[in-house]
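Lettering follows sequence order; numbering is per chain, from 1. Quick caveat: nothing in here was measured; it's all calculated off a predicted structure.
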2 protein chains.
Amino acid sequence: MISNIAELIADRIGTMPASERRAAQTLIAFYPMIGLKTVAEFSAAAGVSSPTILRFVARLGFQNYPEFQSSLQDELAAQLQSPATRTLNPPSPGGGTVSPMLEATLDNMRETFRHLSDKQLADIAARLADRRGKTFLIGGRFTDPLARYMAAHLAIIQPDVFHLAGQESMWRDRLIDMGKRDVLVIFDIRRYQDSLLRFAEKAHQRGVQIVLFTDQWLSPIARLARHVIAGRTAVPSAWDSSAALFVVAETLIGAVTRQLEAEGAKRIREMESLR
Amino acid sequence: MISNIAELIADRIGTMPASERRAAQTLIAFYPMIGLKTVAEFSAAAGVSSPTILRFVARLGFQNYPEFQSSLQDELAAQLQSPATRTLNPPSPGGGTVSPMLEATLDNMRETFRHLSDKQLADIAARLADRRGKTFLIGGRFTDPLARYMAAHLAIIQPDVFHLAGQESMWRDRLIDMGKRDVLVIFDIRRYQDSLLRFAEKAHQRGVQIVLFTDQWLSPIARLARHVIAGRTAVPSAWDSSAALFVVAETLIGAVTRQLEAEGAKRIREMESLR
DNA sequence: CAAAATACGTAACATACGATACAGCGCTCC
DNA sequence: GGAGCGCTGTATCGTATGTTACGTATTTTG
């Protein structure tokens, strides 16, 4: 079975006329980048004319040049998704129902963090550690526990951390306390909840800084957010996975704790003694 | 030093207006493929207008869109040359707060699952899927969100799933409803909570089957439990990590869902129609 | 609260790009 | 050696694409 364009070329290069073969060879030599450039550049690199390039891709079975490029891009994207990461985790031999789930989850985490720079996390952590404002956390149907988890930790190392629970009307009443210096952390993955969007809009109007945890398809709230964390959620299950977001949350909790070390440590000691 | 476009974006995203930030986030989310498409496609994906995309790339320092694309392509080409340096966010040698945290978490998960057989999980899943009894879930200070997360999912695919919230006295009142056929899922990691142990003992006396999620040092509840899941929790942070337990929980949710597929699917459809 | 500045999208524009028609050339096969 | 066929490049065309100008909305500042 022919799965990529390189193989396709190898398969058909024998049937090609001289100039097209030159095109094929240059594509292989600079695979696949030269194919993503313009016809003119490709033809120049191969030392043939543009129509030859077009005839070449036509012979490969593509309707037109853009279609050929899209195909190359898809191939590239697939490579970038899974590349060595699969081989990085030696597929456990006794692959029952566990393994694929774990594998997918580990991949999701790596992917999520690949798209997340230290600087971004540091910025968010700094924002969360800023003691001049309050911190509110809220989540959706399945992600509210993540908001709770984060709130449970943050509330220990600093004051003015509030998890917004209960009914929509109750959150709204808290809006009155929110202003420019405050931060609202929202967890919202598919299927995105209207109630959260409504709430986010109102908070946004009040100048509240929004930190959004969402999936790779980005909740509509992203538009309002100051910081967006997009986690991978796809796993071989009927449900989406929030594990990657969970780990990001833990990472942030750790970073904020470190920033507030001095005061935080004191606070923690104080709390211990209160028990 | 800024070596790739992703870093460049992370560096400047703070200085960008809202719409451009959205463009930036979309690019990161689908990095780098979306940037190789046309301005129109990029703008559609980001939900902004084409000029915004152009202003965005201009702000990154590029003269025009093609130049930006070339830069992305060069980056890609370099990556493809040396597969070793394929990471989008190279392990920052300096204050890399991310990497060690992520690495430790991934290790924890692998370790946790290494000590967890498919059979164990299947048994637990079967127990949770057994519809003759009720399912109760409860957790400690930091782990209660995990109980909530699991409850939120299980409650959708089967009836009689209850998360025990609120104060200790309220849980106790629910004991009256618990019997031999029922399952109690407890999350308890260090520092183990006396209140949970007390509750577990009473439930155990009533013949309730206990499924315990704990850390590798095992909560004292372990001796009462029918099934024990011991997750690794150590990470380079001031806090313990519950991420491994979270993933086990998700795995179980998936397994239970699969077992109840027939009835579960029907239930889910019914719920959708109720919205 | 008014005024200025900035951000953003709509719509018109120019151009660079892919596509096509056609003519020249070489090769092959009678 | 000549006719036919196929391969290839030049030149032209239509259009999709990036670009720019401008007006409106929004935010910021005095």
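- More than 12 heavy atoms of other residues, nucleotides or ligands lie within 6.0 Å of CZ in A:Arg206, so this atom counts as buried by the packing criterion.
- Contact annotation: B:Ser50 does not reach the phosphate of C:dG9 (side-chain N/O to OP1 or OP2, under 4.0 Å).
- Within 6.0 Å of CZ on B:Arg148 lie more than 12 heavy atoms contributed by other residues, nucleotides or ligands.
- The minimum heavy-atom distance linking A:Leu164 with A:Ile138 is given by the pair O-CG1, 3.7 Å.
- Using a 4.0 Å heavy-atom criterion, one finds that A:Pro17 contacts the sugar-phosphate atoms exclusively.
- Spacing between atom CD of A:Gln63 and atom P of C:dG18 amounts to 17 Å, rounded to whole angstrom units.
- By the 30° and 60° cut-offs, the orientation of the rings of B:Phe56 relative to B:Phe68 is perpendicular.
- Using a cutoff of 4.0 Å between basic side-chain nitrogens and carboxylate oxygens, A:Arg232 and A:Asp215 are not scored as salt-bridged.
- In the set C:dG18, C:dT20, C:dC8, the nucleotide with an atom closest to the side chain of B:Ser19 is C:dC8.
- Contacts between chain A and DNA chain D, taken as any atom within less than 4.0 angstrom of a protein heavy atom, begin and end at D:dC7 to D:dT10.
- Atom CG in B:Leu54 sits about 16 Å away from atom P in C:dA7, given to the nearest Å.
- Distance A:Glu41 CD to C:dC17 P: 7 Å, rounded to the nearest Å.
- The number of heavy-atom neighbours closer than 6.0 Å to CZ of A:Phe162, taken from other residues, nucleotides and ligands shown, is above 12.
- Ion pair A:Glu201/A:Arg198 not flagged as a salt bridge, since none of the NZ, NE, NH1 or NH2 atoms sits closer than 4.0 Å to an Asp/Glu carboxylate oxygen.
- Counting to the nearest Å, the P atom of C:dC17 and the CZ atom of A:Phe42 are 16 Å from each other.
- Residue whose closest nucleotide on DNA chain C sits further toward the 5' end, between A:Arg55 and A:Val39: A:Val39.
- Along DNA chain D, the nucleotide nearest B:Tyr65 and the nucleotide nearest A:Arg59 are compared for position; the residue whose nucleotide lies closer to the 5' end is A:Arg59.
- One atom, CD of A:Gln69, and another, P of C:dC17, lie 11 Å apart when rounded to the nearest Å.
- Computed from coordinates, the A:Phe68 CZ to C:dA19 P distance equals 12 Å when rounded to whole Å.
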